Amino acid sequence: DMPHMNFVHAIGIKKADLPLMAKQQMGIIWSPFSNLLLYNETLDIKAALEANINVALGSDWTPTGSRAVLEELKIAKKYIEFCSNPSRSPICPKTGTAGITDEQLYKMVTENPAKMINHFEENGVSTDGKEHSVGTIKVGAMASLIAVSLNDTKNAFTNLVVANEKDVNLVIVDGNVVYGNETYLRGQLKLEDLEDLSQHIVGVNNLQASFKDFSVIGSETPDIDLGLKIPKDLPTQDSCKFSIRKLFVSKSSNEDTVIEYKNKTGLNLDLFRDIQKLLGVAVMTQSRNLIEPEHTASRPEYVTKYFAPLYSCNDQTYLNRFNQFVTEELDKNTAERDETIRKANLGRTAVKMAEDYHD
């Protein structure tokens, strides 16, 4: 009950608690995609904003969340538009969501989270008075920012919310360029040590590796046989069709943790191709087919066959579901979810959780 104590998801917060949270400068990190997929409900975001709660937007985790905050912005926007008429679906809050603006969404991924961690710029100095600030573009700030294409809109906040992978032209982290259009990186910036990401892989090819190489990852079961049958020669796929190639800046950080990790796993996290391996394994080992192998025999379509791509535009199955999630899937989920959980004995129901916590 103090400033900078922030709740993730906060679905269980009662409306009567919101004024106290606002008074105490407590925040909420909203993850609508994961909330709706897992629970068929999410925070009454309008009530939280009207109570002057500081709200940030988060993508939660990879198995049920979006792939990036830029995607989470789109789920949030679609949810807000869908629930502007609260009578449309039982998953919408009674207050509806009409009136929530793209500017508010923009602040949820910039200045609001900076305030939550007490690192927002105020009067030329970070609020903690020690480190450079984040969440704003000002002289003396951290200089972590992105540049996106200007689309057909007169609203700068909407321009960010609707931006997609091809629109991200430049990424700067703490003043260092890490990613962007080839025209910038080879032209104006003249950077070296660049990796081409444009034909991002859907498949394995040069990413193919024995999973035994990843024994340090998931240290709880260092010697487990993952049993994942991965084709060795899946073709590459470039469905994104970027007009300008995207490049990643590979530079040695010389950080002890990166060096130690490389020595243990063979993965150099200064290189995109090794980051991709790590992300791929992290996603694949969250499959129900790994956690509960008995499901593989009955539902072979769930078997993981390839490393998931970094760019969503290279994964049409995911992209189709993502684009239709709010408008077509939510009501169906709401109608079927409880019965599915009961019949298959999946997960932990609210009743069971209440019993466990009571004990």
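No experiment lies behind these values; they were computed from the predicted model shown.
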Can you tell me how far apart [atom1] ([X]) and [atom2] ([Y]) are? Round to the nearest 0.5 Å.
X    : Y    : atom1 : atom2 : answer
T97  : K46  : OG1   : NZ    : 7.5 Å
N169 : N181 : CG    : CG    : 4.0 Å
F157 : T101 : CZ    : OG1   : 8.0 Å
L20  : I53  : CG    : CD1   : 8.5 Å
I28  : N54  : CD1   : CG    : 9.5 Å
I75  : L36  : CD1   : CG    : 8.0 Å

Contact between [X] and [Y] at the side-chain level, heavy atoms closer than 4.5 Å - yes or no?
X    : Y    : value
V171 : V173 : yes
N314 : D238 : yes
M142 : S133 : no
L194 : R186 : yes
D256 : E260 : no
F120 : N112 : no
K251 : D270 : no
E192 : V249 : no

Looking at [Y], is its backbone amide N or carbonyl O close enough to the side chain of [X] to form a donor-acceptor pair, meaning the two atoms are under 3.5 Å apart?
X    : Y    : value
E195 : L271 : no
N164 : K166 : yes
K74  : V161 : yes
D60  : S66  : no
T95  : A47  : no
Q24  : D1   : yes
K246 : V168 : yes
T158 : K154 : no
N263 : Y261 : no
D44  : P93  : no

Just by distance, with hydrogens left out, do [X] and [Y] show a side-chain donor and acceptor under 3.5 Å apart?
X    : Y    : result
E111 : T136 : no
S59  : E72  : no
T42  : N35  : yes
Q316 : N320 : yes

Output yes when K77 and D102 qualify as a salt bridge under the 4.0 Å nitrogen-oxygen rule, no when they do not.
yes

So that I can tick it off, tell me whether E329 and R321 are bridged by a salt bridge, with the cut-off set at under 4.0 angstrom between side-chain N and carboxylate O.
yes

On the 0 to 90° scale, with breaks at 30° and 60°, tag the F272-F248 ring pair as parallel, tilted or perpendicular.
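Ring orientation, 0 to 90° scale: tilted.
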
Which label fits F325 and F33: parallel for a plane angle under 30°, tilted from 30 to 60°, or perpendicular past 60°?
perpendicular

Cation over ring, R67 on F322, under 6.0 Å and within 45°?
no

Under the side-chain contact (heavy atoms from CB on, under 4.5 Å) rule, what do L73 and Y106 come out as? Steps first, then yes or no, please.
CA-CA 8 Å; L73 280 168; Y106 168 85; over 6 Å; no

Grouping I, L, V, M, F, W and Y whenever their side-chain heavy atoms are under 4.5 Å apart, do I29 and I13 come out in a common cluster?
no

